[in-house]
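The sequence lines fix the lettering, A, B, ..., with proteins before strands; numbering per chain opens at 1.
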Amino acid sequence: MAGPPHTIAHIKGWNSWNTCNMLDGLRPAETAIDDEFIRRFMMGTWHDLIASEIIIKRQHNIIRIAAITVQKISVTKVYFLIGYTEEILSYWLQCPIKLELQTVEDRTAVVFKYI
Amino acid sequence: MSALQTTLRRTTVVLMPMGYHPARVWCSTRAVPTDGKFRVLDLKKKSFVPHAKKKYNKTITLPPRALSMPVDQDWSNVWPGPKTFHPATVPLALRQGYDPKRASPGKYGNAELMKIPNFLHLTPPAVKKHCSALKKFCTEWPKGLETDEDCDRHFPMTTITTDYCHSSPTIKDPKSRIVTMKIKLSTLNLDKHARDKMIRLVGDRYDEESDMLTIVTDRCPTRKQNYDYGVYVLTALYHESNTFEEWERQKQEADMEYYIWENNPSKKAYVTLTRWPEKVSDDDVKSHSIDDDTVGQKYKEAVTELLNNGEDTYTLNKYREAALAVLLPQTIQA
């Protein structure tokens, strides 16, 4: 959703959900770097398919990655990419990864406002 | 050149195998084309046709699952655990997002709904299921611990530690090493001197209002070590309070933590006044008892309160009443 950063928690939500940036949170820097790595990996692996921001939620050691993709490639390829992403990322980050995708027919279905 | 040389050359030719032609030409314009067409050298590649771009055939997708859900289904089977919102699975007409001019966007293709954490896996029936599954691991509440007072009597000391859960791969938190121990001072077997000494030793760790002694240990790296250290400190404090050192006899009136009327000149003045005109010695003052003397008791109480609690309207008024009763008894009675 479009909006300057100060509208977060007022009219839109965060893209990363974790406890690291709370008071006395642990590993804030490592988590930020990991999130950025996951985002870049997703944008590259699902090239030209992601229609929204990549949402990263962490619960204990599980990382759940959510995004909206476009129905542009065959279902078989989507299944392969899901398995590939989960496997490779969990190997790199050494924790269980879950990919929770939603698909839309057209990229314009996600557009909320043209700036 | 003679006849002999001519003969030798001939011999050589004869030795060659039949059909061998030393001057045969392999590449020649006379070669027959294999595909039947005459091949032309195509330098500018005019005959190259680029591959047509592969056209994507639209994937046939099923209609949303929410449309075919029975009304009496078990929702905890549909949504068993924490999961990001999915519009095709949730049969609710949700909208999320802020738009000052139009209505909020619907649930399909809405990233805002995916961002916000949902509790669709924690519906009341699901919680009930969890509880009934966990019930077999529960034990009965021990007998004799029905009320809080019973618990306090049987377990006077409380140990507080905290475990932290983070949304990160580490399970270690430096704060979890801190151990807090709480104990009521009245549950310890302390006499008047030992109690006073204990309060002086622990300083502001003792809360006068709740009579609670709190010891927080965080200097060791692990919780176990901190707990052991806390127990050690408590034991050391207890035994140190119960010992009476020789130098403690040197405690003077100025070192007293609160005002004791019997040790002070106020009692001497009172005794001198009540026994007027005879002269009183220090021994007389010490042995003088005010157990049957209500005026004396009131005066003692008023002076003690005034000096221990500080001057305010209430204590000053009380002191005035008591002083008048001592000095002018007839005025008060009249």
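For B/E208, the CD atom is loosely surrounded, since the number of other residues' heavy atoms within 6.0 Å does not exceed 12. Atom CZ of B/R200 has more than 12 neighbouring heavy atoms from other residues, nucleotides or ligands inside a 6.0 Å radius. The neighbour count for B/Y227 OH, taken as heavy atoms of other residues, nucleotides or ligands under 6.0 Å away, does not exceed 12. Residue-environment remark: NE2 (B/H154) exceeds the threshold of 12 foreign heavy atoms within 6.0 Å. Around OH of B/Y232, the count of heavy atoms belonging to other residues, nucleotides or ligands within 6.0 Å does not exceed 12.
At a threshold of 4.5 Å between non-hydrogen side-chain atoms, the residues A/H60 and B/C165 count as touching. B/H86 has its side chain out of reach of A/E100: every pair of non-hydrogen atoms, C-beta onward, lies at least 4.5 Å apart. Contact of the A/Q94 side chain with the B/P169 side chain is not registered, since no non-hydrogen atoms from C-beta on lie closer than 4.5 Å.
Within residues 7-17 of chain A, the residues having any heavy atom under 4.5 Å from a heavy atom of chain B are, by residue number, A/I11, A/K12, A/G13, A/W14, A/N15, A/W17. Interface with chain B: from residues 21-46 of chain A, residues A/D24, A/L26, A/R27 qualify, criterion being any non-hydrogen pair under 4.5 Å. Residues of residues 109-134 of chain B lying under 4.5 angstrom from chain A, judged on non-hydrogen atoms, are B/G109, B/N110, B/A111, B/E112, B/M114, B/K115, B/I116, B/P117 in numerical order.
Minimum interatomic distance between A/C20 and B/S167 (heavy atoms only, all atoms of both residues): SG-O, 4.3 Å.
To the nearest 0.5 Å, atoms OG1 (B/T84) and NZ (A/K98) are separated by 9.5 Å.
A/L93 does not touch chain B: none of its heavy atoms, backbone or side chain, sits under 4.5 Å away. In this structure, chain B has a heavy atom under 4.5 Å from the side chain of A/E53, while its backbone stays farther away. In this structure, the portion of B/P174 lying under 4.5 Å from any heavy atom of chain A is its side chain and not its backbone. Only the side chain of B/K175 comes within less than 4.5 Å of a heavy atom of chain A; its backbone N, CA, C and O stay farther away. Contacts of A/V110 with chain B are made by both backbone and side-chain atoms, with heavy-atom separations under 4.5 Å. Looking at A/A67, only its backbone comes within 4.5 Å of chain B, counting heavy atoms on both sides.
Proximity of a side-chain donor or acceptor of A/T19 to a complementary backbone N or O of B/H166 within less than 3.5 Å is not detected.
The ring-ring contact (aromatic ring centres under 6.0 Å, His included) check on A/Y84 picks up A/F80, with sequence neighbours excluded.
Annotation: maximal heavy-atom pairing with chain A below 4.5 Å, among B/Q96, B/R102, B/K83, occurs at B/K83.
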